[in-house]
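Quick notes on the structure that follows.
Fair warning: this is a prediction, and the values are worked out from it, not measured in the lab. For the numbers below, each heavy atom of this structure counts, side chains included, while hydrogens, waters and symmetry mates do not.
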Amino acid sequence: TYGNTDLSGNARINSSSISFNEEVYPWSEFQVLSPNVGEIVVLDPATQKRILNISTNHLIEQPNLVTALINVFGAK
């Protein structure tokens, strides 16, 4: 596995979920997208509306890696 990837201390990515400030979004239950490098979008599974959006304006370390991991794990 890839282990945990820390995004600015408040967000983590692992093979089963992405979490922000202790809110956990399992890949199997939520649609998580990265439409642009460093951008993170979590959609409500019932309505497909955005429930979380981290824009490219936020300081995310290694935005290319974050986008790649979301595209791999989110595509399951």
Side-chain angles (χ1 to χ4, degrees):
T1 67
Y2 291 94
N4 287 335
T5 299
D6 194 343
L7 311 174
S8 72
N10 296 326
R12 294 177 113 37
I13 296 175
N14 62 42
S15 60
S16 62
S17 66
I18 186 167
S19 61
F20 304 92
N21 298 322
E22 306 307 319
E23 283 288 326
V24 178
Y25 301 97
W27 301 114
S28 60
E29 297 175 29
F30 292 88
Q31 186 174 5
V32 183
L33 311 168
S34 186
N36 300 300
V37 172
E39 182 179 9
I40 303 169
V41 176
V42 179
L43 301 177
D44 180 285
T47 65
Q48 294 298 301
K49 292 186 178 181
R50 291 178 184 216
I51 55 176
L52 179 71
N53 185 58
I54 296 179
S55 72
T56 55
N57 294 336
H58 289 80
L59 295 177
I60 295 177
E61 290 185 30
Q62 301 179 327
N64 291 320
L65 176 60
V66 169
T67 295
L69 290 173
I70 289 172
N71 289 338
V72 168
F73 293 138
K76 288 183 179 179

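Criterion: ILVMFWY side-chain heavy atoms under 4.5 Å apart, direct or through other members. Under it, Val37 and Leu65 are not part of a common hydrophobic cluster. Tracing side-chain contacts under 4.5 Å through hydrophobic residues (I, L, V, M, F, W, Y), one never reaches Val24 starting from Val42; they form parts of separate clusters.
The distance from the CG atom of Leu52 to the CG atom of Asn21 is 9.0 Å, given to the nearest 0.5 Å. A distance of 8.5 Å separates OG1 in Thr67 from CD in Glu39, rounded to the nearest 0.5 Å. Atom-to-atom distance recorded for Ser17:OG and Trp27:CH2 is 7.5 Å, nearest 0.5 angstrom.
Between Phe30 and Tyr25, the ring planes are perpendicular. Angles over 60° get that label, and only those under 30° would be called parallel.
In plain terms, the two heavy atoms of Phe73 and Ile13 that are nearest each other are CD1-CG2, 4.0 Å.
Other members of the hydrophobic cluster containing Val41, listed by chain and number, are Leu33, Leu43; membership follows side-chain contacts under 4.5 Å among ILVMFWY residues, whether direct or relayed.
Under the side-chain contact (heavy atoms from CB on, under 4.5 Å) rule, Ile18 has a single partner from Ile40, Leu69, Val66, which is Ile40.
Applying the 6.0 Å contact sphere to CD of Glu22 captures no more than 12 heavy atoms from other residues, nucleotides or ligands.
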